[in-house]
Amino acid sequence: MTLTRLAWLVTAGGRGAWGRLAGMAAGIAVGVALLLILCGTYDGLASRAERSTWTSPNHGVDAGRLTGPATVPPADDVLLVSVVEDTFAGRAITRLDVASSPGSTATVPGIGRPPAIGTYHASPALAALIDGRPADQLGARYGTRAGLIADTALAGPDSLVVVTGTAVADLDPSRSSVGFGGEPYGVWSVTGLRGTAFPSTAYRTVAIIGAIAILLPVLILVGVVTRLGAAERAGRLAALRLIGATPRRVADIAAVETGVTSFAGAVAGVALAWLLVPVAARVDVADGRFFPADLTAGPVTTVAVVLGVVVVATAVAWWRTARAGIGPLGGSRSRPEHRPSAVGVLPLLVGVTEMVAVTVLAVAGSPLPATDVLMILGFLLVALGLLTSGPVLTYWVAGWGAGRSRTAAGVIAMNWIRRHPRATFRSVSGLVAALFMVSVFAAAVTTVRDDRVFAPVGDRIPESTLVTDLGTRPGEAARASAEAARVAGTAGVTAAVIGSHHPEEGVVFTAGDAVRLGLTVPDGAGHVRVGSSWFEGGPLDVAATAAVDTTPAMLLVTTDGSTASIERARTAVLVSGLRLALPPTTPAERRVSGLQTWADRYATLAALGIVVATVISAVSLAVSTIAAILDRRRVLGLLRLTGMPVSAVRRVIVAEAALPLATVFALCVGLGFLVAWCVLAGLTQGRRSISWPDPSYYTALGTSLLLAAAAVTATFRTARTNTGLAATRFE
């Protein structure tokens, strides 16, 4: 009889056998779909970053920052570029002012030839925003539209980017060197604009570690569903042994069955990934949604994932069946596992020691070469070390608890765990990995938390006020005042006042301007000093002072608070003749812009990682528990036959899931925080650290445990239906 025919006999067992195979295929399909989306996302993050960072001219080819004003047009192969931070209704707009020669041969990504003076190219999302608003609120800032920026130069469909053609004389190199969001201000000379896949080695390392963190629970899920198939088919393989099949032949049959099933599941996973990509692309990261192509794995990656899953699943099935020693009497007599060795704890100890050592040296100012590689290696050792040390710790705790149990369920559970520590821990390994990853993610995102202390709302600068830092030079006070008066005539503007620098700290306003701002002026004061912290959301500090320096330093524009009025005022300031050091922003926009970093973008992905890891772990636990019940249905059936109630069997199941989890729960949380600190502090040489997580972390932990409880509870029906008299009919 051929191998294929024998495999068919193994599976031809009615709805139960086909249901088992369908469950295997479904689990593999989910795992493959997640793997493909994960692979696509990692590549997509790199290409997405490359498409967005070309707007930072310091990344350009032959980039050089001008120290003085340009007076003549650049050469034909050179562009003069200035970044201007712009905002509309709380949404950041990336604006590049580009000056070029009339016969320029240089190109701009997504556009081609640079736009002519007075024209602009906008991203489709920004163009739609401009078309949907009156010109004096947004469109008038840029000139006449000459075209759209292609998707090949945009981070995503929501990107708000504009490139304007500007005269050389209008580029101001006196702007601050760095803007609120970290963008390079000033004027840059480049021969080409280009992006980078990641802003630094540190963030590339964080991306790799994040990918590994999501990959591990997915791989555990795939392994768990293949184990479900191995448990159910043991009896059928034993029948083949009874009619003369050799152990090698039985292992081959198990491999064929698993290979065909996993291939069907993998193909279904490819289709599922194709269906899920448009949904995943709608997830809004810090700088907008993804293009679906960013999340789509390439054909080579797809084939590699499918073949890898099929080959590994088939090989594992063959190896497990060969090692199981299935005889003519089947697997009715469970064999105890070999006692786990303390060597299993070694990878965890080595990983922790390495990460701590590398971090301490980096913080001390003596970083080791290839710190990023060492961090990735240490993370892998810690993650895998948790899984290899889990059976050892579970065995030790079960041995301690076996002699202290006072109930039948406790005695049975503890002794079973002592006999099968690896199988018991394997059932909760997905949840263990998820708890560790959730702790890593939750601790890591605290590095982008805004820990600044703000004054009570009533003492802050009004949120409807536009604050603009000026770069006006001495002797330009009259011109600046005239421009401020024109801004004050804008519809919805209640006041536009200019302040000058205080020699010590703060901004000086005339008494009349201070009153127009709504400030209380000390009696008899001709000028008042307002502390600098007020403009950043701090408490109000007003004191009488003398006018010392009349050079304009700041423009404050108060409005009636409506979005239309704020944007009209912003447009009026931007198109005025004022020399701006920083663009007009509201206090809220300043606070948010100060946190818009690459770390903040990864924080959103970390939150998604928490959700994915938690859900996958719950599914893995449910499947593992069902597999364990099917493995032991004869034993549990005999207990039922001797009079043990179903409730006691349920307590056994709960105890076997709870003990290994309780054993490593604190370890997972503690190691998650330690690893997060090591990665952040080690890669930044102590410039970043972590703090206590937000309440959402504890919510995530509680949700993980609730999902685990729900997963175990969902197996109670399986325990009742598979431990009845039918389980012992051949005894």
Side-chain angles (χ1 to χ4, degrees), residues 55 82-97 118-145 148-149 158-164 166 170 175 179-181 183 185 287-288 460-470 480 483-498 516-518 535-537 554-594 596:
T55 57
S82 178
V83 179
V84 179
E85 285 196 349
D86 199 358
T87 307
F88 181 84
R91 300 179 63 185
I93 299 173
T94 300
R95 172 177 172 175
L96 267 72
D97 292 338
T119 66
Y120 72 91
H121 284 68
S123 63
L126 180 58
L129 194 61
I130 291 173
D131 294 340
R133 299 293 189 278
D136 62 352
Q137 293 185 25
L138 183 58
R141 304 176 191 179
Y142 312 123
T144 303
R145 187 185 305 165
L148 299 177
I149 301 174
D158 298 327
S159 297
L160 302 181
V161 183
V162 61
V163 179
T164 68
T166 308
D170 292 335
R175 288 183 181 273
F180 289 119
E183 294 298 337
Y185 273 15
D287 48 2
R460 294 185 203 170
I461 184 172
E463 297 293 339
S464 60
T465 302
L466 286 173
V467 181
T468 307
D469 291 319
L470 301 177
E483 293 292 343
R486 278 193 284 273
V487 172
T490 304
V493 172
T494 57
V497 302
I498 288 179
R516 282 195 288 275
L517 292 175
F535 305 104
E536 302 296 334
M554 181 175 288
L555 170 67
L556 263 63
V557 181
T558 59
T559 69
D560 59 17
S562 68
T563 299
S565 297
I566 292 174
E567 298 309 327
R568 276 194 297 266
R570 196 194 312 270
T571 302
V573 173
L574 289 172
V575 301
S576 70
L578 290 168
R579 194 187 303 273
L580 309 181
L582 289 176
T585 52
T586 65
E589 291 165 355
R590 287 196 169 202
R591 291 195 297 270
V592 173
S593 183
Q596 289 298 316

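All residue numbers refer to positions in the sequence shown, counting from 1.
- The minimum heavy-atom distance between Leu466 and Ile566, with the atom names listed, is CD1-O, 3.6 Å.
- Side chains of Arg145 and Ile130 form a contact here, defined as non-hydrogen atoms less than 4.5 Å apart.
- To the nearest 0.5 Å, the span separating CG on Leu582 from CG on Asp469 amounts to 4.5 Å.
- Using a 4.5 Å heavy-atom cutoff, the side chains of Arg570 and Thr87 are in contact.
- For the pair Thr55/Val161, a side-chain contact is recorded, criterion being any heavy-atom separation below 4.5 Å from C-beta on.
- Thr563 OG1 to Phe88 CZ: the interatomic distance, rounded to the nearest 0.5 Å, is 7.5 Å.
- Here the shortest heavy-atom pairing between Leu574 and Pro584 reads CD2-CD, 3.7 Å.
- For the residue pair Thr558 and Thr465, no side-chain donor N or O sits within less than 3.5 Å of a side-chain acceptor on the partner.
- Using a 4.5 Å heavy-atom threshold, the side chains of His121 and Leu148 count as separate.
- Smallest separation of non-hydrogen atoms from Ser565 and Asp560: OG-OD1, 2.8 Å.
- Between the Arg95 side chain and the Asp86 main chain, no donor and acceptor come within less than 3.5 Å of each other.
- Side-chain atoms of Thr571 and Asp136 form no donor-acceptor pair, as typed in the model, at a separation below 3.5 Å.
- Using modelled atom types, no side-chain atom of Thr164 and backbone atom of Tyr142 make a donor-acceptor pair closer than 3.5 Å.
- Minimum heavy-atom separation, Gln137 to Ala564: NE2-CB, 3.4 Å.
- Listed by chain and number, the residues in a side-chain contact (heavy atoms from CB on, under 4.5 Å) with Ala484 are Ile498, Leu555 (sequence neighbours excluded).
- Remark: the backbone N or O of Leu578 is not paired with any side-chain donor or acceptor of Glu483 at under 3.5 angstrom.
- Here the closest non-hydrogen pair linking Thr468 and Val573 is OG1-CG1, 4.0 Å.
- The side chain to side chain contact (heavy atoms under 4.5 Å, CB included) test with Leu138 is passed by exactly one of Val162, Asp131, Leu129: Leu129.
- Minimum interatomic distance between Ser464 and Gly561 (heavy atoms only, all atoms of both residues): CB-CA, 3.6 Å.
- Looking only at atom types and distance, the side chain of Asp97 has no donor-acceptor partner in the side chain of Ser82 under 3.5 Å away.
- Salt-bridge check for Glu567 with Arg141: passed, with a basic side-chain N closer than 4.0 Å to an acidic carboxylate O.
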